[in-house]
Amino acid sequence: MTYGIIGAMQSEISLLKGNMEQLKAHPLAGTEYYTGLLGGKPVVLACSGIGKVSAAICAQTMIIRFGADALINTGVAGCVCDDLTVYDVVLSQDVVYHDFDSDLLIKYFPHTDRFPGDPELLALAQKAYAALGDPGYRLKVGRVATGDQFIESKEVKDNIVSRCRPDCVEMEGAAIAHAAYISGLPVLVIRSMSDNADGNADVSFHTFETVCADHSARLLLKMLELA
Ligand code: ADE
């Protein structure tokens, strides 16, 4: 089993890269793909860049070129639910696009508007959370909503919540889950809440980006150690 691990920003992969053994870099189409071992397991790790297109290119490259047979997206997100706050972590029960017409996704390939998290990866992540003891944040299995926009206003946030009912918003998860789905591969999105997707989101994001990215990465590292 080779795990394909994607973060959109360097902050989201740096802890993982620092923990890799037998690290080898493979530059391709403007992206560095790193192969090696993480937690003793074979991985390919990359920083995709932000947004759905970059994430989808990276995910499909990992599948076709590097033989990834599971995809995991790690990073930060904006919290849009009432029961979580900054630092807390969401695992993808499912992932949806908040900026793609659901009817069209259902009518045309891939004929679905939601991409489920893999039950075995979800169980492994929950086991890893328990093994971390009390890491200082809560864990929720919920819905992740993806779109090509940093959400930083109450109006936009409320509109997404009313249409999609997500727990958090980010910019890559659904594209990665979509790539996994069409190849029949397991996928999981892990996101730590860096902000509340409101008028204070930009300040909060820059304050908590690093510590939250590391929360998500440490949980993923523990998953791989236990896998
Ligand atoms: N990633 C982290 N915070 C986010 C936000 N508020 N909107 C979109 N992506 C994010």
Side-chain angles (χ1 to χ4, degrees), residues 5-16 46-59 71-100 102 113-115 117 125 136-179 187-220:
I5 298 170
I6 300 172
M9 301 177 293
Q10 290 295 339
S11 60
E12 294 173 322
I13 70 158
S14 69
L15 183 143
L16 298 171
C47 174
S48 62
I50 63 163
K52 295 181 300 186
V53 172
S54 291
I57 290 168
C58 184
L71 294 181
I72 303 177
N73 175 213
T74 176
V76 301
C79 183
V80 299
C81 63
D82 293 335
D83 50 343
L84 297 181
T85 187
V86 166
Y87 289 146
D88 292 336
V89 170
V90 172
L91 303 175
S92 60
Q93 179 74 56
D94 60 15
V95 197
V96 299
Y97 294 110
H98 67 67
D99 59 357
F100 201 139
S102 280
D113 64 346
R114 60 204 57 206
F115 304 100
Y137 60 80
R138 286 167 291 189
L139 189 70
K140 180 176 184 181
V141 178
R143 172 166 294 168
V144 178
T146 301
D148 285 322
Q149 190 181 2
F150 185 81
I151 309 303
E152 52 184 337
S153 91
K154 185 176 168 354
E155 290 68 32
V156 178
K157 170 178 168 171
D158 288 349
N159 178 277
I160 292 169
V161 168
S162 69
R163 289 184 295 107
C164 306
R165 303 272 159 218
D167 292 291
C168 66
V169 289
E170 40 80 295
M171 300 177 65
E172 297 82 22
I176 293 164
H178 185 153
V187 67
L188 184 67
V189 177
I190 307 171
R191 294 279 181 162
S192 174
M193 306 300 102
S194 59
D195 59 85
N196 289 312
D198 55 13
N200 191 41
D202 188 47
V203 172
S204 181
F205 173 84
H206 286 104
T207 306
F208 298 110
E209 173 190 352
T210 307
V211 61
C212 289
D214 285 355
H215 277 160
S216 182
R218 255 190 221 101
L219 181 64
L220 170 52

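All ligand and atom numbering here is 1-based and tracks the order in the structure.
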Mind running salt bridge (Lys or Arg N to Asp or Glu O under 4.0 Å) on Asp99 and Lys52 for me, showing each step along the way? CA-CA 11 Å; Asp99 59 357; Lys52 295 181 300 186; 2.9 Å; yes
Parallel, tilted or perpendicular: which fits the ring planes of Phe115 and His178, with parallel below 30° and perpendicular above 60°?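 Parallel: the ring planes of Phe115 and His178 meet at under 30°.
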Under 3.5 Å side-chain donor-acceptor pair for Thr74 and Ser216: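 Note: Thr74 and Ser216 side chains meet the donor-acceptor criterion.
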Run the salt bridge (Lys or Arg N to Asp or Glu O under 4.0 Å) check on Asp167 and Lys140 step by step: do they pass? CA-CA 9 Å; Asp167 292 291; Lys140 180 176 184 181; 2.6 Å; yes
Tell me if a side-chain donor or acceptor on Ser162 pairs with a main-chain N or O of Asn159 at a distance below 3.5 Å.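 Side chain of Ser162 to backbone of Asn159: a pair is present.
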May I have every N or O pair linking ligand 1 to the protein at under 3.5 Å, one per line with atom names and distance?
from: ligand 1; atom 1: 3 (N); to: Gly78; atom 2: N; distance (Å): 3.3
from: ligand 1; atom 1: 3 (N); to: Asp195; atom 2: OD2; distance (Å): 2.6
from: ligand 1; atom 1: 6 (N); to: Ile151; atom 2: O; distance (Å): 2.9
from: ligand 1; atom 1: 6 (N); to: Asp195; atom 2: OD1; distance (Å): 3.0
from: ligand 1; atom 1: 7 (N); to: Ile151; atom 2: N; distance (Å): 2.9

Would you call Asp198-Lys154 a salt bridge at under 4.0 Å N-O?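 The answer is no: the pair does not qualify as a salt bridge.
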